Amino acid sequence: MSALRKPQESIKPKRRKPEKIFMRWTAGLYLVPADATAARQLSEKKFKIGQIVGVIVRKLRNPKFNRLVHKIGQLCVKNIDDFRHMDAHSVLKRIQLEGNIHCDEVAVKPAGVRVLIPKSVLESLRPVLALFGLGLTDTGLLIVRIPRSLSYESMDEAEYQDAAKRICRYISEVYWPSLEPWQIEEMASVMVDE
């Protein structure tokens, strides 16, 4: 009797992110390579004339505005006692969490907690959990906020500007009520030019 051999498991190669090639929108309503590097990248793809290709189209963010948001974080470190021990990036993440600014929410089952803590006690914890940006479902799942990345790759210009405005508004309302959101943004923009 011959033993049956198990088919070898196929090892799938790691998926690579699609290569981004920067294009420029022209008056004739055409997308063309933005520069010589993009033109070279396209030619290496060996596309045929008339061939249909998929393109990820995103408006690139303004680099100066990108620096502005990080300067807002630095401004908080320098001027708000609650943030003195933090770096600018950590300040931005904390504000995103507290203000629920461009965060994803995920429901997770806390291991063992539901069994150990009666539902009535969990209900009384709702306000305390909310202080930490956490929620609780009726079935006892913990709702956790995860701040989205503010990186170039993760957000387009409109999303990023919305996040920046909401961050300034939150700082003004919670940590720096003597300033309006536009004043915080203006102070940070002066820092960008330094």
Side-chain angles (χ1 to χ4, degrees), residues 15-27 31-41 55-108 127-135 142-194:
R15 284 187 124 176
R16 290 182 16 203
K17 283 186 177 181
E19 180 182 11
K20 289 189 180 165
I21 301 172
F22 297 110
M23 308 290 279
R24 183 175 319 282
W25 188 253
T26 67
L31 284 174
V32 297
D35 54 25
T37 302
R40 181 186 46 75
Q41 289 172 312
V55 179
I56 299 170
V57 179
R58 291 188 90 148
K59 183 177 178 183
L60 294 180
R61 292 204 322 241
N62 180 334
K64 185 173 181 178
F65 195 71
N66 186 55
R67 289 189 298 273
L68 173 68
V69 173
H70 292 284
K71 293 295 182 178
I72 292 168
Q74 291 174 4
L75 188 67
C76 290
V77 170
K78 289 180 182 178
N79 295 287
I80 301 172
D81 288 337
D82 288 6
F83 300 124
R84 289 202 189 278
H85 64 282
M86 302 171 75
D87 61 55
H89 180 77
S90 298
V91 168
L92 294 173
K93 290 298 163 194
R94 178 173 159 183
I95 290 169
Q96 275 185 270
L97 275 171
E98 288 179 11
N100 196 12
I101 300 166
H102 287 269
C103 290
D104 292 319
E105 291 186 341
V106 179
V108 294
V128 175
L129 292 171
L131 293 172
F132 296 97
L134 302 170
L142 194 61
I143 299 171
V144 181
R145 285 186 196 150
I146 303 170
R148 290 186 205 135
S149 172
L150 299 173
S151 73
Y152 264 27
E153 299 295 315
S154 303
M155 287 187 171
D156 66 18
E157 183 76 19
E159 291 172 312
Y160 196 75
Q161 286 184 14
D162 178 65
K165 288 187 184 319
R166 289 175 60 191
I167 286 169
C168 288
R169 187 178 322 120
Y170 186 82
I171 293 166
S172 172
E173 290 171 359
V174 176
Y175 291 103
W176 215 341
S178 61
L179 293 177
E180 294 293 323
W182 66 267
Q183 292 173 307
I184 294 168
E185 188 175 332
E186 194 171 282
M187 289 168 64
S189 67
V190 170
M191 292 175 69
V192 169
D193 295 332
E194 290 177 349

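Owing to the predicted nature of the structure, the values given are computational and were not obtained by experimental measurement.
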If you compare all heavy atoms of Leu97 against all heavy atoms of Pro147, which two are closest, and at what distance to 0.1 Å? CD2-CD, 3.6 Å

How far apart are the closest heavy atoms of Met187 and Leu179, and which atoms are they? SD-CD1, 3.7 Å

Minimum heavy-atom separation for Ala188 and Ile72, please, with both atom names. CB-CG1, 3.5 Å

Minimal heavy-atom distance between Lys93 and Leu150, with the atoms involved, is NZ-N, 4.1 Å

Restricting to non-hydrogen atoms, name the atom on Cys168 and the atom on Pro181 that form the minimum distance, rounded to 0.1 Å. CB-O, 3.7 Å

In the structure I gave you, are the side-chain heavy atoms of Gln183 and Trp176 within less than 4.5 Å of one another anywhere? no

Ile184 and Tyr175, any side-chain heavy atoms less than 4.5 Å apart: no

On a heavy-atom basis, the closest approach of His70 and Ala88 is O-CB, 3.8 Å

Return yes if some donor-acceptor pair links the side-chain N/O of Arg145 with the main-chain N/O of Asp104 below 3.5 Å, else return no. no

Sequence neighbours excluded, the answer for ring pair (Phe, Tyr, Trp, His ring centres under 6.0 Å) partners of Tyr170 is none

Between CE of Met86 and CZ of Arg94, what distance do you get to the nearest 0.5 Å? 5.5 Å

Would you say Leu129 and Leu142 make side-chain contact, with heavy atoms under 4.5 Å? yes

Hey, could you give me the CZ/CD1 distance between Arg169 and Ile95, rounded to the nearest 0.5 Å? 13.0 Å

Using 0.5 Å steps for rounding, measure from the CD1 atom of Ile167 to the OH atom of Tyr160. 7.5 Å

Distance check, rounded to the nearest 0.5 Å: Glu173 atom CD versus Glu180 atom CD? 9.5 Å

Do Ile80 and Ile171 have side chains that approach each other closer than 4.5 Å (heavy atoms only, starting at C-beta)? yes

Is the shortest heavy-atom distance from the side chain of Val144 to the side chain of Leu134 under 4.5 Å? yes

Can a donor-acceptor pair be found, under 3.5 Å and without considering hydrogens, that links the side chain of Gln96 to the backbone of Arg148? yes

Atom pair CG (Leu75) and CD (Glu185), whose distance is rounded to the nearest 0.5 Å: 11.5 Å

Is it true that Lys165 and Asp162 have a side-chain N and a carboxylate O under 4.0 angstrom from each other? no

